[in-house]
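Before I ask anything, here is the structure I am working with.
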Amino acid sequence: MDMQVSSPDPFETAAKPLWEAARAGDDAAYRAALALIAARVRAYLRRRMEHGAADVEDVVQETLLAIHLQRGTHEPGWPLANWVLSIARYKWVDHARRHGRRGALHDPLDSVDETLLVQPHDGSADARHDLAGLLAQLPAAQQQAIALTKIEGLSLEEAAAQTGVTVSALKVQVHRGLRKLAAWVAAPARGAR
């Protein structure tokens, strides 16, 4: 009888050693791991989100920020892909809820075994401190836009009404702020911005 052995996941093979080195303090490995993670998350989200690339990129940036803030929750013995995709799924669901796309939430989760998915730890004091420090470096309009839509969970319409700006302007502020945050998270020395 011929037994078929599954080949290892190329993402896991490439990203896991980089992630382990990053956990040990290697900034270059951290940037390389984030690049691989971003590509994997982007592909995952493109298969699930029927709307434009801007929405996909917004959720990719939110996911990368969450991964940075929750990096200590990954258990070294667990597959990195499952941990990453579980965070991406939560960010995708949050995005769909904010935008009223409930039907999209019923798509399958790829070939990820849901029993291995890690639930991100919300409410961590360290994560809140990291997030507050990062947000404080953004311009006030971007801080407010991100706080209202991504942290408080208001829809774009609700946040625009509260701030007195158009939905388009608010979306631009959120997108620019998330891009800056993602760049800072991926930077080798966060103190040198």
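Just so it is clear, the structure is predicted and the values come from calculations on it, not from any experiment. FYI, the numbering just counts along the sequence from 1.
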**Request:** Of all the heavy-atom pairs spanning Glu158 and Ser155, show the shortest one and how long it is.
**Result:** OE1-N, 2.8 Å

**Item:** Connected via hydrophobic side-chain network under 4.5 Å: Ile146 and Ile67
**Value:** yes

**Request:** For Val174 and Gln142, run side chain to side chain contact (heavy atoms under 4.5 Å, CB included): C-alpha distance rounded to whole Å, both residues' side-chain angles, the deciding distance at 0.1 Å, then the answer.
**Result:** CA-CA 6 Å; Val174 169; Gln142 292 173 6; over 6 Å; no

**Request:** Taking atom types as modelled, find out whether Tyr90 and His95 have a side-chain donor-acceptor pair closer than 3.5 angstrom.
**Result:** no

**Complete:** For Ala88 and Leu45, the nearest pair of non-hydrogen atoms, with its separation, is O-CD2, 4.3 Å

**Message:** Parallel, tilted or perpendicular: which one describes the rings of Trp83 and Trp19, with boundaries at 30° and 60°?
**Reply:** tilted

**Asked** Could you state the interatomic distance from NZ (Lys150) to CG (Leu148), rounded to the nearest 0.5 Å?
**Response** 11.5 Å

**Prompt:** If you measure only the distance, is there a donor-acceptor pair under 3.5 Å linking the side chains of Trp92 and Thr63?
**Reply:** no

**Asked** To the nearest 0.5 Å, what is the distance between CD1 (Ile87) and CD (Gln70)?
**Response** 5.0 Å

**Message:** Treating Gln143 as the side-chain partner and Leu138 as the backbone partner, does any N or O pair qualify as donor plus acceptor under 3.5 Å?
**Reply:** yes

**Asked** Rounded to the nearest 0.5 Å, how far apart are CZ of Arg42 and CD1 of Ile37?
**Response** 12.0 Å

**Request:** Indicate yes or no for a side-chain donor-acceptor contact from Glu157 to the backbone of Val167 under 3.5 Å, with no hydrogens or angles considered.
**Result:** no

**Prompt:** So, does Arg23 use its side chain to make a donor-acceptor pair with the main chain of Tyr30 at under 3.5 Å?
**Reply:** no

**Message:** Just so I know, are the side chains of Pro139 and Gln173 near enough to count as touching, which here means a heavy-atom distance under 4.5 Å?
**Reply:** no

**Message:** Tell me if a side-chain donor or acceptor on Lys16 pairs with a main-chain N or O of Phe11 at a distance below 3.5 Å.
**Reply:** no

**Request:** Report yes or no: do Val93 and Val41 belong to one cluster of Ile/Leu/Val/Met/Phe/Trp/Tyr joined by side chain heavy-atom distances under 4.5 Å?
**Result:** yes

**Prompt:** What's the verdict on side chain to side chain contact (heavy atoms under 4.5 Å, CB included) for Arg40 and Leu36, showing C-alpha distance, side-chain angles and the deciding distance?
**Reply:** CA-CA 6 Å; Arg40 178 67 174 249; Leu36 291 172; over 6 Å; no

**Asked** Would you call Glu20 and Leu80 a side-chain contact if the rule is heavy atoms closer than 4.5 Å?
**Response** no

**Ion pair Asp94/Arg89, N-O distance below 4.0 Å** = no

**Item:** Check: Asp58/His175 side-chain N/O donor and acceptor closer than 3.5 Å
**Value:** yes

**Fill in**
Tightest non-hydrogen contact, residues Ala22 and Ala29, listed as N-CB, 3.9 Å

**Flag, side chain of Arg46 to backbone of Ala43, donor-acceptor distance under 3.5 Å** = no

**Message:** If hydrophobic clusters are built from ILVMFWY residues whose side chains come within less than 4.5 Å, do Val165 and Leu156 share one?
**Reply:** yes

**Message:** Between Lys171 and Ser168, is the side chain to side chain contact (heavy atoms under 4.5 Å, CB included) condition met? List the steps.
**Reply:** CA-CA 5 Å; Lys171 191 170 185 177; Ser168 296; 5.7 Å; no

